[in-house]
Asks: 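Just passing along the structure, written as structure tokens.
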Amino acid sequence: DDFRKLRRFGLMSFYIATSPEFSWKIDSGWKTNDDECTWYGMTCDNNAVVEISLPSNRLSGTIPPEFALGGLGGKVTVLDLSENSIGGNLPSEISDFHNLSVLDL
């Protein structure tokens with residue numbers, strides 16, 4: 001459906017922007033057609049992403065604005081990207097993560 005396509009686009013934009021030369025330490029599921037809820041670092045509740053946890057996973061680059069697409073922000077409570085090499089400014093679209101209670105960069 002369209003929601004899933006948007007969610008996948010947002011997540012894959014994040015993956016491409018933070019994985020030069022596909023350098024993540026673990027990226028199980030991220031380059032597959034598997035449901036996003038089964039991807040490494042993703043936790044879902046009733047098919048909604050509620051946690052994205054990718055600490056110490058060799059992420060680098062910047063977080064793209066597209067990351068907030070697809071309703072991700074509506075349910076995400078935890079975004080843990082700690083111990084990586086994420087740089088640049090946090091995109092203003094991150095404000096779409098209305099229920100975010102833990103942000104660890």
Side-chain angles (χ1 to χ4, degrees):
D1 65 11
D2 289 342
F3 173 77
R4 184 165 183 253
K5 288 177 187 173
L6 280 173
R7 179 171 74 179
R8 183 173 286 258
F9 175 76
L11 289 169
M12 286 309 300
S13 295
F14 171 75
Y15 177 78
I16 291 166
T18 61
S19 183
E21 301 178 24
F22 304 106
S23 60
W24 281 16
K25 185 175 179 181
I26 303 171
D27 64 359
S28 304
W30 283 80
K31 298 178 287 186
T32 70
N33 286 325
D34 295 347
D35 185 273
E36 300 83 60
C37 291
T38 66
W39 295 359
Y40 177 78
M42 305 293 288
T43 302
C44 294
D45 183 26
N46 292 323
N47 202 36
V49 177
V50 294
E51 181 174 335
I52 302 169
S53 184
L54 297 163
S56 303
N57 203 40
R58 291 198 305 244
L59 281 66
S60 60
T62 59
I63 299 173
E66 295 85 1
F67 184 48
L69 282 177
L72 280 175
K75 303 285 183 181
V76 174
T77 59
V78 175
L79 179 59
D80 183 357
L81 306 176
S82 62
E83 303 298 321
N84 286 293
S85 297
I86 301 288
N89 294 323
L90 203 57
S92 61
E93 290 82 0
I94 208 81
S95 66
D96 292 339
F97 287 61
H98 303 293
N99 292 313
L100 195 63
S101 59
V102 176
L103 175 62
D104 195 348
L105 302 174

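Position 1 is the first residue of the sequence, and the numbers go up from there.
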Asks: According to side chain to side chain contact (heavy atoms under 4.5 Å, CB included), who are the partners of Cys37, at least two apart in sequence or on a separate chain?
Replies: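 With neighbours one apart ignored, the set is Arg7, Asp35, Cys44, Asn47.
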
Asks: Got a sec, which residues hit side chain to side chain contact (heavy atoms under 4.5 Å, CB included) with Thr32, two or more places apart in sequence or on another chain?
Replies: Asp34, Trp39

Asks: Supply the atom-to-atom distance Ile16 CD1 to Trp30 CH2, rounded to the nearest 0.5 angstrom.
Replies: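 That separation rounds to 10.5 Å.
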
Asks: Would you list the atom pairs, donor with acceptor, under 3.5 Å between side chains in residues 79-94 and any protein atom, with sequence neighbours excluded?
Replies:
{"unit_1": "Asp80", "atom_1": "OD1", "unit_2": "Ser82", "atom_2": "N", "d": "3.0"}
{"unit_1": "Asp80", "atom_1": "OD1", "unit_2": "Ser82", "atom_2": "OG", "d": "2.7"}
{"unit_1": "Asn84", "atom_1": "OD1", "unit_2": "Asn57", "atom_2": "N", "d": "2.9"}
{"unit_1": "Asn84", "atom_1": "OD1", "unit_2": "Arg58", "atom_2": "N", "d": "3.0"}
{"unit_1": "Asn84", "atom_1": "OD1", "unit_2": "Leu59", "atom_2": "N", "d": "2.9"}
{"unit_1": "Asn84", "atom_1": "ND2", "unit_2": "Leu54", "atom_2": "O", "d": "2.8"}
{"unit_1": "Asn84", "atom_1": "ND2", "unit_2": "Leu81", "atom_2": "O", "d": "2.9"}
{"unit_1": "Asn84", "atom_1": "ND2", "unit_2": "Ser82", "atom_2": "O", "d": "3.0"}

Asks: Let me check something: do Met12 and Phe14 share a hydrophobic cluster, defined by ILVMFWY side-chain heavy atoms less than 4.5 Å apart, either directly or through other members?
Replies: yes

Asks: Which heavy-atom pair separates Lys75 from Ala48 by the least distance, and what is that distance?
Replies: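 Distance-wise, the nearest heavy atoms are CG-CB, 3.7 Å.
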
Asks: Before giving the answer on side-chain contact (heavy atoms from CB on, under 4.5 Å), spell out for Tyr40 and Asp27 the whole-Å C-alpha distance, their side-chain angles and the decisive distance to 0.1 Å.
Replies: CA-CA 6 Å; Tyr40 177 78; Asp27 64 359; over 6 Å; no

Asks: Consider only side-chain heavy atoms of I, L, V, M, F, W and Y, link residues closer than 4.5 Å, and tell whether Val49 and Val78 are in one cluster.
Replies: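 Different hydrophobic clusters.
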
Asks: Return yes when atom NZ of Lys31 has more than 12 non-hydrogen atoms of other residues, nucleotides or ligands closer than 6.0 Å, and no otherwise.
Replies: yes

Asks: For Val50, which fellow cluster members are found when Ile, Leu, Val, Met, Phe, Trp and Tyr are connected by side-chain heavy-atom distances below 4.5 angstrom, either directly or through intermediates?
Replies: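 So far as hydrophobic clustering goes, Val50 is joined with none.
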
Asks: Are the side chains of Met42 and Leu11 in touch, meaning some heavy atoms are under 4.5 Å apart?
Replies: yes

Asks: Go through the structure and list residues passing side chain to side chain contact (heavy atoms under 4.5 Å, CB included) with Ser19, not counting sequence neighbours.
Replies: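 For Ser19 the side chain to side chain contact (heavy atoms under 4.5 Å, CB included) partners, ignoring immediate neighbours, are Tyr15, Phe22, Ser23, Trp24.
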
Asks: Output the distance between atom CZ (Phe67) and atom CD1 (Ile52), rounded to the nearest 0.5 Å.
Replies: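 Interatomic distance, Phe67 CZ to Ile52 CD1, rounded to 0.5 Å: 3.5 Å.
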
Asks: Hey, could you give me the OG/CG distance between Ser95 and Leu100, rounded to the nearest 0.5 Å?
Replies: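 The CG atom of Leu100 is 11.0 Å from OG of Ser95, to the nearest 0.5 Å.
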
Asks: List the atom of Ser56, the atom of Lys25, and the distance in Å for their closest heavy-atom pair.
Replies: O-CD, 3.8 Å

Asks: Under the disulfide (SG to SG under 2.5 Å) rule, what pairs show up with a residue in residues 74-105, not counting sequence neighbours?
Replies: none

